[in-house]
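All values below were derived from every heavy atom in this structure, side-chain atoms included, with hydrogens, water molecules and symmetry-related copies excluded. In what follows, every chain begins at residue 1, and chains take the letters A, B, ... in the order their sequences are listed.
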Amino acid sequence: MNPEDQESSAVATLDPGPDKVIGPGHDYGSVTDEIGGVVFMPFLKTPRQLFTGFACAFVLVNLLMVAVTWLFVRGVGIWGIVIPVAWGFAIVNFVWWIGIGHAGTLISAILLLLKQDWRTSINRFSEAMTLFAVACAGMFPILHLGRPWLAYWLLPYPNTMWLWPQPRSPLIWDVFAVSTYATVSFIFWFTGLIPDFATMRDKAGNSLAQKIFGTLAMGWRGSAKHWARYQKAYLLLAGLSTPLVVSVHSVVSFDFAVAILPGWHTTIFPPYFVAGAIYSGFAMVLTLAIPVRRWYHLEDLITMRHIECMAKVMLGTGLIVAYGYAMEAFMAWYSGGIYERYAFVNRMWAGGYWWTYWVLILCNIAIPQLLWSRRVRMSVPAVFMIALVVNVGMWLERFVIVVTSLTRDFVPSSWGMYYPTIWDWSTYLGTIGVFLSLMFLFVRGLPAISIFEMREVVHHEAEPVHAHGD
Amino acid sequence: MAQIFPRSSNSLAKITIVAVLLAGGGILWAAYALNAGSFTTGVEVARDQNVPFSHKHHVSDDGIDCRYCHTSVETSSFAGLPPTETCMSCHSQIWTNAAMLEPVRESFRSGKSLEWTRVHDLPDFVYFNHSIHVNKGIGCSTCHGRVDQMPLTFKVNTLYMQWCVGCHRNPEKYVRPRDQVFNPAYETPAPNQDEIGPKLVAQYKIQSLTDCVTCHR
Amino acid sequence: MPTETRASGQLERVYGLMAEFDQPEPLLEAARRARAEGYRNMDAYTPMPVEGLADAIGFRTSWVERLVFLGGVAGGTGGFMLCWWITVIAYPHIVAGRPLNSWPAYVPITFESMVLIACITAVVGMLALNGLPQPYHPVFNVAQFARASRDRFFLCIESTDPKFDLEATRTFLEQLQPREVTEVEP
Amino acid sequence: MQKDLPQYWRSLEELAQTAEFRAFVEDEFPNRTPDWNDAGSRRRFLTLMGASIALAGASACTVQPKEMIVPYVRQPEDYVPGKPLFYATSASWGGIATGLLVESHLGRPTKIEGNPQHPASLGATDATMQASVLTLYDPDRSQTVTQNGNISEWGVFVTALTAARDSAGARRGAGFRLLTGTVTSPTLAAQIQEFLTAFPGAKWHQYEPCGRHSARAGATAAFGQPLNTIYRFDRAAVIVSLDADFLCSSMPGSLRYARDYSARRRAAAVNPNAHPPRLYVAEGTPSITGGMAEHRLRMRTSEVAAFAAALAQELKAPSNGSSAAVRAIAKDLRAHPGESIVIAGEHQPPGVHVLAHAINQMLGNAGKTVLYTDSVEANPVDELASLTELVNEMRSGAVESLLMFGGNPVYDAPADLNFLAELKKITFRAHLGVYSNETAAWCHWHIPEAHYLETWSDARAYDGTASIVQPLIAPIYSGKTPHDLINVLMNRADRSSHDTVRDYWQRQHPAADFNDFWQISLHDGVIAGTTFTEKMPPAAKLSTPVASAASGLEIVFRPDPSIGDGALSNNAWLQEMPKPQNKMTWDNAVWISPKSAEHYGVTTGDVIEIAFQGRKVNGPVWILPGHADESLTVHLGYGRTRAGKVANGIGFNAYALRVSSAVWQGSGAAFTRKSGGYPFATTQHTQTMEERDPFRAATFAEYHQNPGFANPPDKHVSPETTLFPQWQYNHHKWGMAIDLTACIGCHACTIACQSENNIPVVGKTEVAKGRHMNWLRVDRYYQGSLDDPETLYQPVPCMHCENALCELVCPVAATVHSAEGLNEMVYNRCVGTRYCSNNCPYKVRRFNFFLYADWNTQSLFGVRNPDVSVRSRGVMEKCSYCVQRINGAKIEAEKQDRPLADGEIVTACQQACPAEAIVFGDLNDPNSRVAKLKRERRNYGLLEELNTRPRTTYLARLRNPNPDLDKG
């Protein structure tokens with residue numbers, strides 16, 4: 001460790017309140033140490049909650065292993081899916097996870113372009129979250145196949161059959177969209193990490209850590225020329241990811257919008273899926289950021305300002321989603337088509353799942369309205385609870401869209417019901433376990449906040465002129 | 001601060017990158033080679049048989065017509081495999097005590113069938129019909145090769161879908177006059193295939209069938 | 001470059017001279033002065049991007065965006081051609097009564113491949129242009145340089161600079177009130 | 001919803017928005033046992049009889065597993081490897097024969113078709129016949145001779161039987177008894193007679209659990225002799241069915257009747273001047289025939305007699321006393337003398353038959369629409385009396401040896417006879433049977449019987465036409481035939497059935513050309529000149545007037561709609577066939593009317609204990625609209641204990657309530673509710689079309705006035721309505737038309753499809769989840785009032801839409817269109833995203849959620865159609881328009897260099913359909929039958945408004961109600 005560690009440890013970790021993005025008395029060194037310190041914290045000093053949290057998550061991971069093994073042994077029949085409801089939890093979870101995965105890139109890219117100063121201390125964190133969420137999402141399209149071992153047939157590769165994927169199918173669009181999104185998110189995340197790897201390299205106590213971080217840093221030395229190209233590339237990435245993030249959930253929504261099924265076949269899906277994605281994404285960032293900042297005492301870096309801003313975004317996107325629901329229902333009535341109309345009658349009260357619809361309205365629309373009140377936004381526990389509720393609500397939204405629409409479509413004779421089995425639940429919980437495990441490992445092993453960008457913040461805070469300049 | 005990495009590590013780093021790229025390409029190539037090789041395709045791999053039957057001997061030397069043994073090739077999806085009876089119709093007179101023919105005689109005595117290893121074997125979800133192909137002027141040797149020159153029989157084509165489709169898309173490249181279908185030594189006479197092909201296709205009303213259900217049901 | 005410097009064999013001895021600063025602004029100032037002084041081969045090292053620094057040391061580039069543009073074009077075209085080739089050339093099927101070339105359906109794939117290739121070019125291009133990975137670099141020989149990734153700001157005038165003269169340059173740097181001026185081992 | 005559309009409703013509970021309705025909705029799939037802990041059911045379904053062979057080859061680019069190929073040693077003459085052969089034979093249920101053509105691959109019978117030359121079939125088959133081929137390969141069939149349950153040998157049995165005969169022979173056969181089912185086989189009859197003459201003391205008893213007691217007794221009562229009645233529905237303008245299910249039941253000739261009846265309906269649809277038949281049905285238990293009725297008069301089964309009497313009375317002397325219905329019907333009948341039919345049900349008491357005969361004579365129908373011949377039975381006796389006599393003698397100890405030819409009296413004899421108790425008194429009990437069933441269990445000897453596809457024999461059809469039963473395959477388990485057994489009794493143990501049958505016919509046809517005669521008879525499947533000649537019976541004498549219905553809760557016994565009297569209950573195809581009336585599988589239930597259910601406070605799924613004449617049985621309730629009030633219907637054939645893996649322990653045994661005094665119906669039943677929530681497995685949960693109109697109907701009159709009724713403007717999509725240029729199909733353009741006017745809803749098509757396309761069976765648990773695999777389902781909708789609705793049947797195969805939504809969304813192009821417009825499903829390309837099913841508005845796609853195809857049971861591989869892939873786990877499948885048949889026919893035509901003729905390609909469902917409701921063909925040929933049908937104005941496409949352009953279309957249903965009675 002460098003001698004500087006002592007001098008900076010004096011900085012108090014107090015939340016500076018809703019107008020500041022960083023606590024008082026921070027300099028370049030102190031932010032470096034506070035964030036880097038987490039990584040080099042002795043193993044046993046790791047916050048207890050982290051151990052317990054990881055333990056629980058890991059149990060769920062094993063549950064997933066069991067569920068998947070049984071799935072491969074027996075077939076998708078172990079799930080509750082039937083004809084007509086041929087898509088169940090797998091697709092619901094897929095859409096849910098992808099949606100959660102949207103916050104990261106949005107924060108890093110769009111807020112970067114919008115020059116939002118409050119993005120800085122949460123972007124790294126939410127990018128990682130994006131990666132892990134997309135990883136969880138990515139599992140489902142493969143798991144839900146009747147013959148998962150043939151999943152590679154969805155890729156365009158030369159083969160002895162002279163056969164290729166069918167690019168008119170939204171599922172192939174998904175393949176391209178999701179893989180692109182995963183790749184780009186990773187690149188984005190890694191690029192952001194390079195300078196911090198350099199910091200870790202130079203901060204590392206032992207030579208192994210030096211070698212590891214040194215390799216990852218690729219010899220980054222903070223040259224002005226490098227910074228110049230680096231910032232250009234980073235800006236371009238942001239510029240490209242912005243339409244990408246919008247496109248990805250639009251494409252996911254095409255899975256439904258392109259189909260003819262009443263309740264799926266809607267032009268409003270792309271915008272309202274994207275809004276919903278951001279909605280759930282921010283909810284998940286809050287769900288994770290609030291405990292982590294507490295455990296690691298990072299209140300001075302992830303301040304009330306961050307939390308309030310995210311709460312506001314949630315409120316805003318939540319309203320867009322509400323508008324989406326309203327339009328859907330209105331169009332169903334206004335279209336005059338009996339199938340379309342019935343789909344909503346079924347969704348709201350006729351069908352077996354009417355209650356899921358109303359719970360979803362409660363979670364996604366009613367409860368978040370509390371965020372209008374500044375007092376609620378200022379209360380960390382309240383925001384945390386609302387974020388949780390929204391996560392549930394967004395999952396239910398996908399359930400209502402996927403399952404309820406399928407239960408009753410055109411020909412009444414083939415209407416049916418869907419009852420999730422224990423294996424549906426295990427797989428779902430399992431992926432939550434995977435997600436959390438990865439998250440816990442990340443916040444322990446890598447700088448969870450972008451250090452070099454924090455230094456910029458310090459710099460701007462120091463000179464208000466620059467803070468609002470550029 | 002001391003250097004963490006030696007001077008050489010710069011070049012090492014760049015070499016590693018190149019190496020990884022090359023390795024990736026190499027693996028792809030290897031996979032392709034393995035898939036296209038006869039280990040996978042079985043092409044040109046003579047199968048062991050309980051009776052080392054030689055088409056070369058029976059077709060070239062004895063001049064037996066394909067249909068003498070493969071009786072149903074013109075009428076049925078299945079070309080037909082000769083019953084022991086057929087073998088014995090000759091071998092009750094000639095080579096009556098050749099050791100290699102003992103399994104044949106044994107089968108004829110005991111009434112227990114001879115067992116042959118399939119050389120040309122399609123997956124069970126592929127439905128191939130010999131009769132329509134020979135009736136439309138596709139010769140035996142087009143798919144089975146110069147069987148008349150095989151001491152032990154082997155595949156000359158992969159029988160992969162892309163190979164089938166290749167002909168189904170351009171039958172004119174392979175069709176021959178009906179009277180030549182069973183001539184293993186058939187060579188396209190002048191005028192060359194490009195000229196007679198289209199004519200025969202028209203004459204035999206050959207369609208280019210590439211629908212899935214042509215072969216898969 | 002002047003022959004006498006080579007004769008004096010300084011090239012072999014030092015990579016350059018490095019001045020260390022506490023804050024970005026003095027560094028910026030120093031860089032401007034050095035350039036005004038006529039130095040060309042220099043570089044500055046900072047723990048975070050400092051605005052105007054690249055200009056100050058007289059560095060301009062636009063290769064990254066060019067590469068990304070090309071990458072984007074290539075990706076987009078590739079994506080669309082793939083779909084078109086698959087459906088029209090490779091194995092034409094009648095699908096849902098649509099024409100073989102149902103181009104509207106190919107838009108998503110076209111777009112995604114565009115973004116994918118563009119993004120990859122952006123990062124790979126950036127690293128390549130920066131000459132990374134480059135784990136070994138003379139500047140790491142400077143003891144204080146560990147703080148270049150933390151809270152110190154460095155200006156390095158390289159010995160390859162035509163105007164570089166160990167003594168003269170050192171005196172020049174001294175005037176900029178750095179914390180310290182050190183020789184950089186090659 | 002428009003006024004002119006009939007009122008459709010969803011389910012009883014919905015109509016009356018009761019609290020149960022909620023429960024009903026939540027409980028749409030009552031059985032939710034997750035299969036992972038339901039090992040029992042899993043084991044069952046693994047051992048179930050599905051029809052499939054292993055899909056050996058894996059996906060294309062893998063190493064092919066080594067495969068052996070095994071030629072014949074001596075190849076049969078005239079046999080071309082790889083080509084199926086068809087043989088004529090005949091199957092008989094309850095003794096009455098129907099001619100069949102059986103397809104055979106490599107000596108394996110794989111598919112049953114009707115014999116077009118046979119009067120009882122004309123090419124049609126019913127579900128039972130279609131499924132009978134599966135029984136041949138049933139691994140649960142009895143496979144060895146057993147003595148007291150231990151494996152023994154035929155030789156040993158022969159000795160034992162001879163001994164038994166000799167000991168009886170000492171007393172001229174006294175104490176020796178034969179028990180058979182109804183026998184029409186001339187050969188067998190002759191053999192038995194020979195035996196009886198040799199041993200005058202011996203006796204021959206006949207018993208069919210669901211036999212024709214009433215018809216026989218009725219004819220005897222009316223004419224003094226058990227005449228056989230034949231109906232000519234092609235000549236009938238007015239039909240009154242007194243609880244007679246003549247369209248689809250075990251009634252002799254019902255296949256032929258369905259054909260004639262629907263032919264006349266179809267004709268009337270085309271020709272406004274033709275007179276469509278008008279069908280009145282008086283019944284209590286909804287039947288297929290009732291579903292076709294213009295006017296279904298719902299009454300308790302026991303009231304039908306009174307109704308018949310009233311009708312007869314009204315016809316004799318019109319009076320205002322009788323009800324409006326009776327008067328209207330009588331008027332209608334009188335208006336059509338000589339071209340009407342009054343037909344009494346097999347399950348109605350003899351008195352009703354007498355009345356029917358009398359009325360037909362009164363109307364001059366006898367000899368015109370109703371023909372009489374001698375009984376087709378070799379020895380028509382009152383079987384109930386015959387069995388009772390046997391049991392009494394068993395009780396008195398007069399019976400020393402009993403030889404049972406098939407049958408299962410321990411299970412299905414009337415409960416009051418205590419057959420089992422008396423059986424045990426006999427010293428020598430032998431049972432010949434396809435299964436070692438409940439009766440075999442109590443016999444000293446059991447001999448495996450040859451399946452009819454393994455048998456040489458003969459039998460007579462409903463009109464007396466005799467045909468030879470010839471085997472398609474040598475007995476798999478060296479089964480024996482009744483002929484063999486009699487031969488043993490006559491000391492001719494070495495004599496084969498073939499010789500026995502042949503010799504008999506040689507005696508009948510001693511001419512020199514016998515060989516030709518024999519060959520022709522075998523080839524045609526009918527023996528020329530054996531059809532009985534018509535008789536003119538004396539005037540029917542009306543016996544004592546039938547007693548009017550007794551009061552109290554009535555109980556009605558019926559053979560099960562899918563598995564009949566229980567002989568076929570181990571047939572998984574039939575078990576999984578949805579029963580037409582309630583789409584229920586794998587169970588029998590107590591049917592009760594909505595009103596009575598409300599009155600007694602029971603609902604569907606409640607298990608009740610029925611008490612009848614001191615006997616009790618527990619069974620689950622099913623509320624069936626259209627059922628008579630104050631009446632319970634229970635179905636026979638379930639509750640088997642020794643049927644086999646498939647049928648053991650499913651359903652309840654209604655025979656346990658059935659007494660000889662009340663074989664078909666009885667009153668004074670009572671029941672108490674035991675528990676609720678019995679898990680039924682049904683394939684259709686919604687009985688209405690909501691506001692939709694997948695099924696369109698009108699009366700003939702309305703249609704001829706307004707032919708466009710089936711295509712309202714808001715449903716119609718003109719060919720121009722398209723963003724893209726439509727594909728042109730120039731070569732062939734396959735299409736199908738399904739005539740709802742003809743369709744009777746018998747489900748023969750469903751089983752024919754299952755047999756032709758190797759469709760697996762999934763078991764009750766899976767069906768309950770909603771995973772049944774039928775490619776061709778028959779939707780059943782109700783229309784009209786809750787108590788007495790009209791029942792509508794609509795077969796739904798794949799529509800082969802030109803704009804197929806399934807194709808658009810398949811990511812791997814596993815389902816695409818062929819150049820002839822088939823919607824192809826390529827199993828080996830499918831990865832199983834199931835997106836296609838989600839996007840199919842008709843929901844005709846079926847998915848292999850597990851490995852449904854049985855890859856373990858060797859014996860079942862035989863039944864599979866080698867021309868159709870067996871689907872593996874995780875792939876989608878669906879109707880292919882029997883593309884294997886299309887390709888086959890095309891190849892034959894190409895080889896002969898001739899165009900395909902219309903009708904050359906026949907899909908399995910079309911071939912089986914007794915009503916000829918399904919027609920398949922080339923739409924590019926303007927003269928093809930299908931093209932003509934599609935030109936009819938009543939032709940409409942299901943969900944056409946979605947612009948899917950279905951190739952399968954429907955011809956709207958037309959009815960011919962009596963204006964005087966029309967409820968509108």
Side-chain angles (χ1 to χ4, degrees), chain A residues 2 4 27-29 32 156 162-168 170 172-173 176-177 179-180 183-184 187-188 190-191 194-195 198-199 201-203 214-215 217-233 236-237 240-241 243-244 247 250-251 254 452-453 455-456 459 466 470, chain C residues 24 31 43-51 53-54 56-57 59-65 68 72 79 82-83 86-87 90-91 93 95-96 98 102 105-106 108-109 111-113 115-116 118-120 122-123 125-127 129-130 132-137 139-140 145-151:
Chain A
N2 290 338
E4 281 75 15
D27 58 31
Y28 305 127
T32 312
W162 265 1
L163 287 177
W164 298 83
Q166 201 275 98
R168 299 177 191 81
I172 292 299
W173 307 347
F176 277 81
S179 52
T180 304
T183 322
V184 172
I187 291 176
F188 209 161
F190 187 81
T191 317
I194 293 174
T199 308
R201 173 195 63 200
D202 302 342
K203 205 171 160 36
T215 317
M218 296 188 289
W220 181 265
R221 53 187 189 274
S223 146
K225 299 171 181 171
H226 291 187
W227 278 125
R229 297 198 184 94
Y230 179 91
Q231 283 189 295
K232 269 194 181 138
L236 284 164
L237 280 182
L240 288 161
S241 323
L244 173 65
S247 80
S250 305
V251 166
F254 290 159
F452 81 92
E453 286 175 301
R455 295 197 195 98
E456 286 181 293
H459 185 228
H466 292 78
D470 55 68
Chain C
D43 201 345
Y45 302 90
T46 56
M48 79 260 195
V50 173
E51 284 173 53
L53 193 53
I57 63 166
F59 173 73
R60 269 175 199 70
T61 176
S62 56
W63 271 105
V64 176
E65 46 269 60
V68 169
L82 177 71
C83 300
I86 285 176
T87 48
Y91 209 125
H93 289 299
V95 169
R98 305 289 197 278
S102 346
Y106 308 157
I109 294 180
F111 174 79
E112 301 297 340
S113 355
V115 172
L116 180 62
C119 288
I120 292 175
V123 172
M126 181 269 288
L127 292 173
L129 292 166
N130 284 349
L132 301 177
Q134 188 182 8
Y136 177 93
H137 194 277
V139 293
F140 291 128
F145 194 77
R147 298 182 70 163
S149 67
R150 173 180 169 77
D151 55 357

Backbone of C/Ala90 reached by a side-chain donor or acceptor of A/Trp164 within 3.5 Å
no

C/Leu132 and A/His226 have their tightest heavy-atom pair at CD2-CE1, 4.0 Å

Give, for atom CG of C/Asn130 and atom CE of A/Met218, the distance between the pair rounded to the nearest 0.5 Å.
9.5 Å

Quick check on A/Ala177 against chain C: is it the side chain, the backbone, both or neither that has a heavy atom closer than 4.5 Å?
both

At a heavy-atom distance under 4.5 Å, which candidate from C/Tyr136, C/Phe111, C/Tyr91, C/Tyr106 has the highest pair count against chain A?
C/Phe111

So which of C/Leu53, C/Leu127, C/Thr87, C/Ile86 has the largest heavy-atom pair count under 4.5 angstrom toward chain A?
C/Ile86

Between C/Ala54, C/Ala148, C/Ala122, C/Ser102, which has the largest tally of heavy atom pairs under 4.5 Å with chain A?
C/Ser102

Assert top hit (heavy-atom pairs under 4.5 Å, partner chain A, pool C/Val50, C/Val115, C/Ile57) equals C/Val115

Region of C/Pro108 in contact with chain A, defined by heavy-atom distances below 4.5 Å:
side chain

Chain C contact via A/Pro170 - side chain, backbone, both or neither, heavy atoms under 4.5 Å
neither

Heavy-atom check, side chain of A/Phe176 versus side chain of C/Leu116, under 4.5 Å:
no

Measure C/Leu82 against the heavy atoms of chain A and call it side chain, backbone, both or neither at under 4.5 Å.
side chain

Of the listed A/Ser250, A/Gly214, A/Gly219, A/Ala217, the one with the largest count of heavy-atom pairs under 4.5 Å with chain C is A/Gly219

What part of A/Thr183 lies closer than 4.5 angstrom to a heavy atom of chain C: side chain, backbone, both or neither?
side chain

Tell me if a side-chain donor or acceptor on A/Trp173 pairs with a main-chain N or O of C/Ala105 at a distance below 3.5 Å.
yes

To the closest 0.5 Å, what do you measure between CG (C/Leu129) and CZ (A/Arg229)?
5.0 Å

Using modelled atom types and a 3.5 Å cut-off, is there a donor and acceptor pairing between side-chain atoms of C/Arg147 and backbone atoms of A/Gly29?
no

Does the side chain of C/Asp151 come within less than 4.5 Å of A/Thr32's, by heavy atoms?
no

Heavy atoms, side chains only, cut-off 4.5 Å: are A/Phe452 and C/Ser149 in contact?
no

Could you have a look at A/Leu237, A/Leu163, A/Ile194 and say which one has the most heavy-atom pairs with chain C under 4.5 angstrom?
A/Leu237

Select one option (side chain, backbone, both, neither) describing which atoms of A/Gln166 are under 4.5 Å from chain C's heavy atoms.
side chain

Which atoms of A/Thr191 are under 4.5 Å from chain C, going by heavy atoms: the side chain, the backbone, both sets, or neither?
side chain

C/Val64 side chain near A/Leu236 side chain, heavy-atom distance below 4.5 Å
yes

I'd like to know if the side chain of A/Arg221 reaches the main chain of C/Val139, judged simply by a donor and an acceptor atom lying under 3.5 Å from each other, with no hydrogens or angles considered.
no

Taking every non-hydrogen pair under 4.5 Å, which of C/Met126, C/His137, C/Glu65, C/His93 racks up the most with chain A?
C/His137

Please report the shortest heavy-atom distance between A/Ala228 and C/Phe59, naming the atom on each side.
CB-CE2, 3.8 Å

May I ask you to decide if A/Tyr28's main-chain N or O and C/Arg150's side chain share a donor-acceptor pair within less than 3.5 Å?
no

Largest heavy-atom contact set with chain A, pairs under 4.5 Å, which of C/Ala56, C/Ser113, C/Pro49
C/Pro49

Do the non-hydrogen side-chain atoms of A/Pro195 and C/Met48 ever get within less than 4.5 Å of each other?
no

